[in-house]
Amino acid sequence: MKKNPILLFLILLLGFQPLVAQRYIKRLERWDKKGKQEKIARKAPRIIKKYPNDARVYFYAAKAELKISEKVTNKKRGYKHVLNSVKYYGRYQSKVPEPQISLELKNGLHAQVKNFRQYFEGSKRNKQSANALDLILASTFKDTTDSYRAFLASKKGAQKNEKKEKEPAKSKDKYHAKIIAEAQKHAGKPYKYAAKGPESFDCSGFTRYVYLTATGYELPHNAAMQSQLGREIKPSEAKPGDLIFFGDPKSKRVNHAGIVFKTGKGEIKGVIHSVNSGVAIDTDEKTSWPHHWKARVVKVVNIMDLIDK
């Protein structure tokens, strides 16, 4: 019986890939033991691009960025590394069952976020940074600060006042068409981890760029953080241009962001988002929406009230 050389090649290739991935993990582990955090932070984006589904890469990247933030004396630089660590930790957390998450990493990062929030607290110049850290504490660690609770209370009060005023629907919806028009301009552009555009995007980098360009409102570059903003709405209330978040519907854990692209008959029928293949429009006319993304919707959010403030 004649052997198919192409089939043999594919079998060898599939068997070789896990070995190569394991080799990279061993490198990260070795660098971690030797305290080469800067090297890990430098190499991690390239390794993640090759192995985007391996939780261990995100673990070592988050740990390295955390250690760097603890060592540097420059607060501005340290803050940047804290945010990088939170970003990597969010991806790590989304791929690992809760009982298996490293408590050392989780508790260490939680403490460091609180340290930086305390440093920025009370400073008008750094108020935006303090607010961002408030949001991280609430969304990532379920640690709600007094100022964040006050923010939520004020937001609820503002929403009640807006309902009383019965503002015409047109003024609240004026950005939806602009958001969709801007999003469509980037269809087909490549995915790149941590990219903010305009040449390439990751998922939250895409939603951030589209909203900033179309409305002037800057979202945080993190899917879980974006999901904490605005007003959660029912899928039946969604309009093209609203934010939509995916992940585990049972645990409500968010790990992917997109923009509602198509609705009909009281339901969402498609999204535009940046996935591994690039910025894509997935609708009910393709198998990816009904057979994959639709079942992974965690929440839909309207932030038009925040944009108009």
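- Counted within 6.0 Å of NZ on Lys189, heavy atoms from surrounding residues, nucleotides or ligands total more than 12; the atom is thus considered enclosed.
- The stretch residues 213-222 participates, sequence neighbours left out, in these salt bridge (Lys or Arg N to Asp or Glu O under 4.0 Å) pairs: Arg208-Glu218.
- Remark: Ala181 pairs with no residue by the side-chain contact (heavy atoms from CB on, under 4.5 Å) rule, at least two apart or across chains.
- Residues satisfying the ring-ring contact (aromatic ring centres under 6.0 Å, His included) criterion with Trp293, sequence neighbours excluded, are Phe246, His256, His273.
- Between Ser69 and Gln112, the side chains place a donor N or O and an acceptor N or O closer than 3.5 Å (distance only, hydrogens not considered).
- The side-chain heavy atoms of Ile101 and Gln93, taken from C-beta on, include a pair separated by under 4.5 Å.
- Under the side chain to side chain donor-acceptor pair (under 3.5 Å) criterion, no residue pair touches residues 190-199, with sequence neighbours excluded.
- Here the rule is side chain to side chain contact (heavy atoms under 4.5 Å, CB included) with Pro220, and of Leu229, Asn131, Ile136 only Leu229 fits it.
- Here the closest heavy-atom approach between residue Ala44 and residue Ala61 is recorded as CB-CB, 3.8 Å.
- Taking the side chain as every heavy atom from C-beta outward, Tyr88 and Lys63 never approach each other to under 4.5 Å.
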Report the C-alpha distance between Lys71 and Glu38 in whole Å, list the side-chain angles of each, state the deciding distance to 0.1 Å, and finish with yes or no for side chain to side chain contact (heavy atoms under 4.5 Å, CB included). CA-CA 11 Å; Lys71 289 192 296 185; Glu38 287 81 4; 3.4 Å; yes

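- Using a 4.5 Å heavy-atom cutoff, the side chains of His292 and Thr287 are not in contact.
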Walk me through whether Ile179 and Met304 qualify under side chain to side chain contact (heavy atoms under 4.5 Å, CB included). CA-CA 11 Å; Ile179 291 166; Met304 299 304 149; 3.6 Å; yes

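- For Tyr211, the ring-ring contact (aromatic ring centres under 6.0 Å, His included) test picks out no residue, with sequence neighbours left out.
- At a threshold of 4.5 Å between side-chain heavy atoms, the hydrophobic network of Ile, Leu, Val, Met, Phe, Trp and Tyr places Leu212 and Val260 in two separate groups.
- Side-chain contact check for Lys67 versus Glu70: some heavy-atom pair is nearer than 4.5 Å.
- A distance of 10.5 Å separates NZ of Lys39 from CG of Leu28, quoted to the nearest 0.5 Å.
- Residue pairs meeting the salt bridge (Lys or Arg N to Asp or Glu O under 4.0 Å) criterion with at least one partner in residues 40-53, sequence neighbours excluded, do not occur; the list is empty.
- Hydrophobic side-chain contacts under 4.5 Å tie Ile68 into a cluster, directly or through other members, with Val72.
- Residues Val210 and Val271 do not share a hydrophobic cluster, defined by chaining ILVMFWY side chains whose heavy atoms lie under 4.5 Å apart.
- In this structure a side-chain-to-backbone donor-acceptor pair under 3.5 Å is present from Gln226 to Ser204.
- Rounding to the nearest 0.5 angstrom, the gap separating the CD atom in Glu237 from the CD atom in Glu232 is 10.0 Å.
- Judged by a 6.0 Å distance limit and a 45° cone about the ring axis, Arg56 is not positioned over the six-membered ring of Phe59.
- Between Glu182 and Lys178, none of the side-chain N atoms (NZ, or NE/NH1/NH2) sits under 4.0 Å from a carboxylate O, so this pair counts as no salt bridge.
- In this structure, Phe120 has its ring center under 6.0 Å from that of Tyr79.
- Residues satisfying the side-chain contact (heavy atoms from CB on, under 4.5 Å) criterion with Ser236, sequence neighbours excluded, are Lys234.
- The CD1 atom of Ile40 sits 10.0 Å away from atom NZ of Lys36, with the distance rounded to the nearest 0.5 Å.
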Run the numbers on Tyr175 and Ile303 for side chain to side chain contact (heavy atoms under 4.5 Å, CB included), then give the verdict.
-> CA-CA 10 Å; Tyr175 292 110; Ile303 69 161; over 6 Å; no

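- With hydrophobic clusters built from ILVMFWY side chains whose heavy atoms lie under 4.5 angstrom apart, Val86 shares a cluster with Ile48.
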_Show, in sequence, the C-alpha distance, side-chain angles and deciding distance for Val297 and Ile268, and conclude whether the side chain to side chain contact (heavy atoms under 4.5 Å, CB included) test is met._
CA-CA 10 Å; Val297 174; Ile268 297 169; 5.5 Å; no

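- More than 12 non-hydrogen atoms from other residues, nucleotides or ligands lie less than 6.0 angstrom from CD of Glu98.
- Atom-to-atom distance recorded for Phe261:CZ and Ile281:CD1 is 4.0 Å, nearest 0.5 angstrom.
- The CZ atom of Arg77 sits 4.0 Å away from atom NE2 of His81, with the distance rounded to the nearest 0.5 Å.
- In this structure, Lys87 does not pair ionically with Glu65, as no charged nitrogen and carboxylate oxygen lie closer than 4.0 Å.
- Between Val275 and Ala280, the shortest heavy-atom distance links the atoms CG2-CB, 4.2 Å.
- For Phe206, the ring-ring contact (aromatic ring centres under 6.0 Å, His included) partners at least two apart in sequence or on another chain are Phe201.
- Nearest heavy atom pair, residue Asp202 against residue His221, reads OD1-NE2, 2.9 Å.
- Residue pairs that meet the salt bridge (Lys or Arg N to Asp or Glu O under 4.0 Å) test with at least one member in residues 273-289, sequence neighbours left out, are Lys262-Asp284, Lys262-Glu285, Lys269-Asp284.
- A distance-only check finds a donor-acceptor pair linking the side chain of Tyr58 to the backbone of Pro52 [under 3.5 Å].
- When side chains are defined from C-beta on, Lys95 counts as touching Asn53, because their heavy atoms get closer than 4.5 Å.
- Partners of Asp248 according to the side-chain contact (heavy atoms from CB on, under 4.5 Å) rule, which considers only residues two or more places apart in sequence or in another chain, are Lys250, Ser251.
- Side-chain contact between Asn302 and His176: present, with at least one pair of heavy atoms (C-beta onward) separated by less than 4.5 Å.
- Between Val300 and Ala238, the shortest heavy-atom distance links the atoms CG1-CB, 3.9 Å.
- Among all heavy-atom pairs drawn from Ile259 and Ile244, the shortest one is N-CG2, 3.8 Å.
- For the side-chain contact (heavy atoms from CB on, under 4.5 Å) test, residues two or more places apart in sequence or in another chain that qualify with Ser227 are Phe245, Val254, Lys299.
- Judged by a 6.0 Å distance limit and a 45° cone about the ring axis, Lys106 is not positioned over the six-membered ring of Phe141.
- Contact annotation: the side chain of Leu105 approaches that of Tyr92 to within less than 4.5 Å [non-hydrogen atoms, C-beta and beyond].
- Here the closest non-hydrogen pair linking Leu306 and Tyr217 is CD1-OH, 3.6 Å.
- Considering CZ of Arg27 and CD1 of Ile47, their distance stands at 7.5 Å, rounded to 0.5 Å.
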